[in-house]
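By convention here, the first residue in the shown sequence is residue 1. Numbering of ligands and ligand atoms starts at 1, following listing order.
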Amino acid sequence: MKKKLGLMLSTAVLAIGLVACGGGSQSSTTETDPSSDAKVETKTMRAGIGLNDQHPQYKGLLKFKEIVEEKTDGAIKVETYHSGQLGDDRTMIEGLQLGSQEITIPSTAVIANFVPEFAVFDIPFLFPNEKVADAVLGGEVGEGLLEKLEAQNLVGLGYWENGFRDLTNSVRPVATAEDFRGLKIRTMENQLHLEAFRALGANPTPMAFTELFAAMQQRTVDGQENPYSTIYLQKYFEVQEYVSNTHHIYSPWSFLVSKPFFDGLTPEQQEIVTEAAYAAGAYQREMNREASAEYLANLQEEGMIFTEITPEARQEMVDLVQPVIEKFTDQIGRETVEAVFDAVTEAQK
Ligand code: TK8
C-alpha cells in the first residue's frame, strides 16, 4: 500500500514536472566571454530551501554561493530561492532527481522517505548535545549514510544544522507527557515522528513545512515542533502562545545536489562544490548556535509563555517513545541503528 502510494505520487510529480519544465530544464548554457573570445560554459545551480531569508539556513546558502562563484570564477552560478519558493522539502528532493533544480537542504526526516536508513536520526532523544551530533554526523556513520543517497540520484555533501526541536502550541503550557494529551500537533512527513507523538499522547498530523503557518493560523493544528530559530524567524509567535524546551530530537539537514548535475561537473568543480558545502555548513552551524539562546529570549519578549521541562518529565517522555524505537529498528536497519548508538556512546567518552 505504502509502495503504491509512493509510485502514484512520483508519477504525478513526474507529470507535473514535465509540464512545468516545458520540455527540459536549463541548467547549462554556453556564454561567450567578451574578454577572451573563448567559449565559457556557465553552469547554473538552482538552490531552494524551506525557510525564509532571515534564517541561518539561508545565510549559509549565501555563503555557499559566494565561495562557489568566487572559486570557479563565475563558471558556476548559484541562484538561491528561500521560503519554499521551489516547493516543500519532499518536492525539492524530487526536483533534484528530475533535474528541475540542483540543490536543496532538507531535514533528514524527509530524506528518510527516499533512503529508509536516514530515519535513524528520527529516534527521539538520540543526541544528548551538539558535540555528540557533530561527532556522529561528521564521523564514519554519518558520512556512510550519505553514500546511500547515490542510488536515489542524489549526492549528499555533509550535514547542516536545523537543531534541537521544541514544542509550541496555542492551547496550554506543556510541562509533562500528560499535557500532550489530545493536542493536534503537526509533524514532519515522517512515520517515526508521527508514531512517537502518538506514543506521547498527542494527536499528530504530518504536513509539509510550507503549509504549517496557515494551518496554525486557521487552527487546523494546535501546535508544532521546530528549533527556536524557526519559531522566532518564521514568526510562529504570532499564532502560538506556549513554548516548552522539550528538545525531543536533534534535527539535521543534509546538503543535497542532483547527481546527474554533479556528475556533469569537472573534477575540479566537484571539489569546489563539495568543499563549499562543508565550509558553508560549518559557518551555518556556528551562526545557529550563537543565536539560539537569544531566539528563546526574543520569543518571550514577543509574549510567548515558556515552560521548562524537568529532567524527570523528560525521562517519562523517553520511556513512552521506547516501544516506537523498537518497532522501527528493523525498518531502519538494525545495523545502522546499532552503529549510530555505538557512535553516540563513543562520542560521550
Ligand atoms: C524546512 C524544513 C523545516 C523542518 C520542518 O524546509 O519541516 O519542520 O524543520 O526546517 O526542513
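Near G50, the atoms of ligand 1 lying under 4.0 angstrom from a non-hydrogen atom of the residue are 1 (C), 6 (O). Close approach of ligand 1 to N162 (heavy-atom distance below 4.0 Å) involves ligand atoms 4 (C), 9 (O), 10 (O). Listed by number with element, the atoms of ligand 1 under 4.0 Å from a non-hydrogen atom of R186 are 5 (C), 7 (O), 8 (O).
Contacts classified as side chain to side chain donor-acceptor pair (under 3.5 Å) and involving residues 280-290 (residues at least two apart or in different chains) are given here: D134-R289, E161-N288, E161-R289. For residues 137-149, the set of pairs meeting the side chain to side chain donor-acceptor pair (under 3.5 Å) definition, not counting sequence neighbours, comprises E143-Y278.
Summary of contacts: the protein heavy atom closest to atom 3 (C) of ligand 1 is F209 CD1, 3.7 Å. Of the protein's heavy atoms, D89 OD2, 2.7 Å lies nearest to atom 11 (O) of ligand 1.
When atom types are taken as modelled, the side chain of D263 and the backbone of P260 share no donor-acceptor pair closer than 3.5 angstrom. In this structure a side-chain-to-backbone donor-acceptor pair under 3.5 Å is missing from T307 to N245. Looking at E241, its side chain never comes within 3.5 Å of a backbone N or O of I305 through a donor-acceptor pair.
The existence of a salt bridge linking E195 and K327 is confirmed by a sub-4.0 Å separation between a basic side-chain nitrogen and an acidic carboxylate oxygen. Comment: E102 engages R46 in a salt bridge, judged by a side-chain N to carboxylate O separation of less than 4.0 angstrom.
Under the 4.0 angstrom criterion for non-hydrogen atoms, T230 is not in contact with ligand 1. Heavy atoms of N226 come nearer than 4.0 angstrom to ligand 1 in at least one pair.
Counting heavy atoms under 4.0 Å from ligand 1, residue Q234 does not touch it at all. Proximity of Q224 to ligand 1, defined as any heavy-atom pair under 4.0 Å, is not found for any part of the residue.
Remark: ligand 1 and S107 share an N or O pair separated by less than 3.5 Å (distance only, no angle test).
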